[in-house]
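Within every chain, numbering begins at 1; the chains are lettered A, B, ... in the order of the sequence lines, protein sequences first and strands thereafter.
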Protein chains: 2
Amino acid sequence: MTQPSDKALVPFVSVDNMMRLIHHVGIDTVMKDLATYIEEDFKRWELFDKTPRVASHSDVGVIELMPTSDGEAYGFKYVNGHPKNTSEGLQTVTAFGLLADVYTGYPVLLTEMTILTALRTAATSAMVAKHLAPKGATTMAMIGNGAQSEFQSLAMQAICGLKSVRLYDVDPAATAKCAANLKTSGLDVVACKTPEEAIEGAQILTTCTADKQYATILTDNMVGSGVHINAIGGDCPGKTELAPGILSRSDVFVEFPPQTRIEGEIQQMPEDFEVTELWQVILGQKPGRRDDKQITLFDSVGFAIEDFSALRYIRDRIKDTDFFLELDMLADPDDPRDLFGMVQRAKG
Amino acid sequence: MTQPSDKALVPFVSVDNMMRLIHHVGIDTVMKDLATYIEEDFKRWELFDKTPRVASHSDVGVIELMPTSDGEAYGFKYVNGHPKNTSEGLQTVTAFGLLADVYTGYPVLLTEMTILTALRTAATSAMVAKHLAPKGATTMAMIGNGAQSEFQSLAMQAICGLKSVRLYDVDPAATAKCAANLKTSGLDVVACKTPEEAIEGAQILTTCTADKQYATILTDNMVGSGVHINAIGGDCPGKTELAPGILSRSDVFVEFPPQTRIEGEIQQMPEDFEVTELWQVILGQKPGRRDDKQITLFDSVGFAIEDFSALRYIRDRIKDTDFFLELDMLADPDDPRDLFGMVQRAKG
């Protein structure tokens, strides 16, 4: 059988290999490295091609392609969102991604991105908290103990020096699951019975719930001065977690305003509600936290550039490892004009 | 190691398996079947989501995502175009594609599409010629003997009963390559020294050259009455093959007018130049060929729906075969809220 040339082979990281890679590197190191890659790309924010995601909607869900490019590499993520899937034994969200070389147009990495998206979401939160949370923050309230909760806790531990996490979920089974998963993490884990109990003494408040409708996970009177709010769960039109009063009292930081105004917590606010773009804070062009009383709020929705950073990291990290397969995905005839001859010779 | 569930596995057709499949099925049958799938989708034209392709341009090339959906399946093709690649031993164009289930959002097929695109382009041309070429057409002039030329010839043979193909290329080596590749095809193959010689007695004129600039492969006085012109090579802005006079004398048929007016031969014509949409001809809503004197012209640029048809065909055709691998591409934790637990358990 015809052997493809090296150029025609695309490294593929399966779910299994992604998990092996995480354990080989160590999840704390993965979180730190991912945060570094993401921070680098926030610093280069202006040079990225910020194409809006391309969505295909149906009655039951959405399939999206999220492309971006820094001029050297091109990446996209395929991601679906089908809330009804869980009742049928399927995942609400699955994702995979591809990185290509802009100069040749050849793909250079295909990878699972369900796990990788969970990692990059948490690494982004922690990288942002490093810039915005009050100095010496060691306690986080983790409200919503679903699929993202352990990743958030471990990223904050690895990147911000978190010591203690206080868990709350409307479903105590979710809290029990999260607490069990974090047992060997080195974090002090406290399972709480109310959101009020969870936020006691916490300098960082992370909300990451699955409520579909406009919800109020944090009410205005629950949030004292000086905290950093890391709002993950308001991430699509019609889905928010915070009382508008909290937003009014906070300095709100966002990834990409045109997307956040549609998908984030600030969809509840007027169109001209003032926000600060994170890349400007990271570059020192705009202030982040100014004093101990200020409430900072990261209205996280997830942006294509964070996926791009994660794809870059995996491309670099798998070099000289066996955490990938090579897929014969690109036809590579010796003579580009003789594609048919290549097909014909394969018959032999 | 954790075993992924069936739902998390995505069938992948490599270049090697695509070639094995073609030889197993027979290229004539593949062409006929593909033409049937494409014709079916032209008949359902109106229900397709006709999202414009999403292009990322650089100084040296372009990377495009071409998505579409019929409401049941969702497909996209990744394709690059880098003319300078050939001078570096790489392909100008590489492609792969994905098909997903709209109801679940789960991918159901990943496949190479460099070969598959060559097949679908030829099958589309032949399906269109079946509707538009003069009755009893048995001879085709094939002008431009590059990568697409053999596929065009074999599709016309399988679908339209072509008996004879007359080859011409500015590079005699390309003609010799094409003639050699078609030696066992059953077609009467005539290598010609001029385009004028190639079109002698031909009822179908196919142009498929690689000229980058506005070129005139066919001049007005070369084209007599009653022929069908199958214009493949005018497929991007700035690239055309036919003298405008030919377009004025022809009835021009197109895939999707907004795209063809930018990329096709008709980019040379006024914005309101009259064209007929092929899907309406195939459904019998608009006339195709009306008489023996008429010149019909298919201004082919290639549309996402044809890739979608090709993806559907491969999905159906590989069932119960071994022409694919299963990729562990989608994370599938037993409990969707316990993605972290799945990762953690993989450590054992």
Q) Is it the side chain or the backbone of B:F96 that comes within 4.5 Å of chain A heavy atoms, both, or neither? A) side chain

Q.
Given heavy-atom pairs under 4.5 angstrom as the criterion, report whether the side chain, backbone, both or neither of B:T68 touches chain A.
A. neither

Q. With only heavy atoms counted, which part of B:F340 is less than 4.5 Å from chain A, the side chain, the backbone, both or neither?
A. both

Q: Verify whether one side chain among A:N181 and A:E150 offers a donor that lies under 3.5 Å from an acceptor in the other.
A: yes

Q. Quick one: what part of B:V60 sits under 4.5 Å from any heavy atom of chain A, side chain, backbone, both or neither?
A. side chain

Q) For atom CD of A:E72, is the number of surrounding heavy atoms from other residues, nucleotides or ligands below 6.0 Å larger than 12? A) no

(Q) Please classify the contact of B:D338 with chain A as side chain, backbone, both or neither, using a heavy-atom distance under 4.5 Å. (A) both

Q: List the steps, then state whether side chain to side chain contact (heavy atoms under 4.5 Å, CB included) holds for B:M142 with B:C208.
A: CA-CA 8 Å; B:M142 181 72 233; B:C208 190; 3.8 Å; yes

Q.
Need one label for A:T92: side chain, backbone, both or neither, based on atoms under 4.5 Å from any heavy atom in chain B.
A. neither

**Q.** Atom pair NE2/CG of A:H82 and A:N85 - distance to nearest 0.5 Å
**A.** 6.0 Å

Q: Examine whether an atom of B:P336 lies under 4.5 Å from a heavy atom of chain A, and if so say whether it belongs to the side chain, the backbone or both; otherwise answer neither.
A: both

**Q.** Proximity breakdown for A:K177 and chain B, heavy-atom pairs closer than 4.5 Å
**A.** side chain

Q | Ring centers of B:F308, B:F76 separated by less than 6.0 Å | A | no

Q. Between B:A180 and chain A, which part of the residue has a heavy atom less than 4.5 Å away: side chain, backbone, both or neither?
A. neither

Q: Mind ranking B:P67, B:A174, B:G71 by heavy-atom pairs under 4.5 Å with chain A and telling me who comes out on top?
A: B:A174

**Q.** Heavy-atom pairs under 4.5 Å with chain A, option from B:D334, B:V102, B:T184, B:D335 with the top count
**A.** B:V102

Q.
When you compare the side chains of A:N80 and A:T94, does any donor N or O come within less than 3.5 Å of an acceptor on the partner?
A. yes

Q) B:L325 versus chain A, heavy atoms under 4.5 Å apart: side chain, backbone, both or neither? A) neither

Q) Of all of A:T86, A:D49, A:V54, which one pairs up most often with chain B through heavy atoms under 4.5 Å apart? A) A:V54

(Q) Just by distance, no angles: are the side chains of B:Q157 and B:D28 close enough, under 3.5 Å, to form a donor-acceptor pair? (A) no

Q) So which of A:L98, A:T104, A:V79 has the biggest tally of heavy-atom pairs under 4.5 Å with chain B? A) A:T104

Q. Going from CD on B:Q148 to OG1 on B:T209, what distance comes out if it is rounded to the nearest 0.5 angstrom?
A. 12.5 Å

Q: Just give me the residue among B:V93, B:L90, B:T114 that pairs up with chain A most often, heavy atom to heavy atom, under 4.5 Å.
A: B:L90

Q: With rounding to the nearest 0.5 Å, note down the distance linking CD1 in B:I27 to NZ in A:K347.
A: 9.0 Å

Q. Does B:K84 NZ have over 12 foreign heavy atoms under 6.0 Å away?
A. yes

Q. Is it the backbone or the side chain of A:Y103 that comes under 4.5 Å from a heavy atom of chain B, or both, or neither?
A. both

Q | Under 4.5 Å from a heavy atom of chain A, the part of B:I22 involved | A | side chain

**Q.** Contacting moiety of B:A118, where chain A heavy atoms sit under 4.5 Å
**A.** side chain

(Q) Heavy-atom pairs under 4.5 Å with chain B: which of A:L154, A:V15, A:V13 has the most? (A) A:V15

(Q) If you count every heavy atom of other residues, nucleotides or ligands that lies below 6.0 Å from B:D322 atom CG, does the total exceed 12? (A) yes

Q) Is there a side-chain contact between A:N145 and A:D171 (heavy atoms, below 4.5 Å)? A) no

